[in-house]
Amino acid sequence: MELWTEELHRLFPDKFSTSEEKLSKYATDAWLLSRAPDGVFFPESKEDVVALMQFAFSRGIYVTARGGGRGYVGGAVPVKGGVVVSFEKMNRVKEIHPIDGVAVVEPGVITGVLQAKVKEMGLFYPPDPASVMECTIGGNVATNAGGPRCLKYGVTRNYILGLEVVLSDGSVAKVGGRTIKNKTGFDLTSLFVGSEGMLGLVTEITLKLLPFPPLKACLSAYFERMDQAILCVNKILSSGVLPAALEIADRFTLQCAREFTKGEIPPFDAHILLETDGSIGAVHSDIEFFEKILREFQPKELTRAVGEEACEKLWESRRLFSMSLKASGLTKLNEDVTVPRSRLADLISLGEHLQRHYGLIVACFGHAGDGNIHVNLMVDWSKKENRDKAEEALNVLFDSVILWNGSITGEHGIGIAKLPWWNKAVSQQTRLLHEKIKKALDPKGILNPGKFV
Ligand SMILES: Cc1cc2nc3c(=O)[nH]c(=O)nc-3n(C[C@H](O)[C@H](O)[C@H](O)COP(=O)(O)OP(=O)(O)OC[C@H]3O[C@@H](n4cnc5c(N)ncnc54)[C@H](O)[C@@H]3O)c2cc1C
């Protein structure tokens with residue numbers, strides 16, 4: 001009898017591959033685990049996806065969607081084999097409509113490419129994951145991606161007006177629409193956003209666009225102590241004016257960045273980066289206002305930048321924090337926990353405690369305004385003893401975050417990386433509800449199997 005992979009070769013000679021090179025390329029994302037699929041499918045249209053899903057459904061073949069493969073939790077890793085559907089050829093921006101304030105795109109469009117395209121027309125697509133030049137809109141939808149600007153602008157979910165989704169049996173659901181307001185039935189669009197490829201394959205996305213803000217300005221401030229920086233964050237957030245982004249970094253992050261840049265980063269224990277944007281007059285007055293607040297907390301160094309280019313320079317040095325951790329050669333377990341903002345100081349102290357207690361480097365930085373801090377455990381993965389310590393430290397981290405009414409992931413999703421803590425993070429009722437929804441939409445359990453539902 002013909003193997004199903006051979007059948008797919010016959011049905012889609014140019015769109016299905018089982019070459020060793022492809023199987024190994026599509027076996028991983030930006031997390032640790034790797035598992036090769038049995039084949040990789042490269043659809044060029046919705047019709048291709050429908051045909052594949054009809055085939056897979058009739059034979060019970062596993063299907064895992066893939067965008068840019070930049071996920072941090074193993075979400076696109078086909079842990080049970082089967083077919084990986086890579087959306088890289090479905091990368092057309094079908095429409096940008098300035099009056100409606102919408103863009104209609106295929107899922108494989110790179111997020112940064114879309115942002116540049118709409119900017120040429122004076123429009124703005126705000127969600128800004130740091131992987132923006134490599135990740136796709138489809139992946140952003142499936143993970144409900146965030147980024148620094150989410151403080152003012154919200155996450156991917158806030159920009160999704162409508163979706164076209166191919167369900168597990170090959171049927172096509174169109175949910176939502178292209179209007180800013182829409183209360184027709186259940187909010188099924190939101191159900192698919194953040195569903196990590198387990199409820200359907202997204203083949204078209206209608207996005208909301210905003211006018212591009214005429215001006216932005218940034219402040220970068222270094223403090224002697226973290227408690228000063230956290231008090232400053234609290235004051236900014238209760239000042240009545242909301243920045244677009246409010247980022248923080250701790251001693252260990254700055255230390256790594258200092259070593260990496262051979263002293264470019266000054267020798268202080270805490271850093272704040274603030275961005276504000278809007279009309280020219282408003283930005284000039286807001287940046288004065290924020291600078292006054294920052295100065296109350298006696299920063300050791302403070303830099304003001306006005307305009308896109310000057311701001312980008314400050315963001316570049318902020319990006320060095322992440323790069324310098326990677327350059328250490330250690331394995332970086334990047335946990336994107338989120339706590340109520342009043343718990344920020346507790347979270348940073350916990351990072352310091354984990355570092356002391358387990359003898360691992362723990363570097364914290366991220367989106368202070370959202371209470372969403374990347375707690376990075378830096379581990380020498382070659383030693384079992386260190387891997388065990390990291391697991392213990394992660395248990396303590398997640399237990400504490402749950403106790404503080406926080407969430408174990410604010411941006412990256414559950415995937416496989418957070419699977420061990422899924423049961424603790426949500427109630428039994430919530431898990432049951434997930435299972436019922438999954439069963440209704442994917443009765444044979446063929447979509448992204450082996451993940452959290
Ligand atoms: C350096 C770096 C920085 C990062 N910074 C951020 C950040 O600031 N904020 C943030 O939120 N994340 C960040 N991430 C994580 C990652 O970039 C996001 O999760 C992103 O949304 C993943 O998009 P992707 O296209 O790479 O998706 P993939 O990794 O390919 O897939 C992610 C998930 O989406 C599913 N999926 C993909 N396409 C579809 C589709 N068309 N239909 C259905 N399901 C689909 C996959 O099955 C998988 O479960 C970062 C990652 C890296 C490596």
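We count ligands from 1, going down the list as the structure has it; atoms in each ligand are counted the same way.
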Undergrad: Distance alone, cut at 3.5 Å: any donor-acceptor contact between the side chains of D399 and W421?
TA: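 On atom types as modelled, these side chains do not qualify, holding no pair under 3.5 Å.
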
Undergrad: Determine, step by step, whether N140 and T156 satisfy the side chain to side chain donor-acceptor pair (under 3.5 Å) criterion, reporting the C-alpha distance in whole Å, the side-chain angles of both residues, the deciding distance to 0.1 Å, and the verdict.
TA: CA-CA 7 Å; N140 295 170; T156 300; 5.0 Å; no

Undergrad: Measure across S86 and P43 and return the closest heavy-atom pair with its distance rounded to 0.1 Å.
TA: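 Closest heavy-atom pair between S86 and P43: O-CD, 3.3 Å.
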
Undergrad: Is K208 close enough and on-axis enough to Y159, meaning under 6.0 Å and within 45°, for cation-pi?
TA: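 Yes.
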
Undergrad: What residues sit with at least one heavy atom under 4.0 Å from ligand 1?
TA: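 Those residues closer than 4.0 Å to ligand 1 by some heavy atom are A30, A65, R66, G67, G68, G69, R70, G71, Y72, G75, A76, F87, P107, P129, A130, S131, C135, T136, G138, G139, N140, A142, T143, A145, G146, E196, G197, G200, L201, V202, K326, E411, H412, N448.
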
Undergrad: For P449 and T64, which heavy atoms make the closest approach, and how far apart are they?
TA: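 Shortest heavy-atom contact: CD-OG1, 4.2 Å.
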
Undergrad: Are K418 and F452 in a cation-pi contact, defined as NZ or CZ under 6.0 Å from the six-membered ring centre and within 45° of the axis?
TA: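 So K418 doesn't make the cation-pi contact.
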
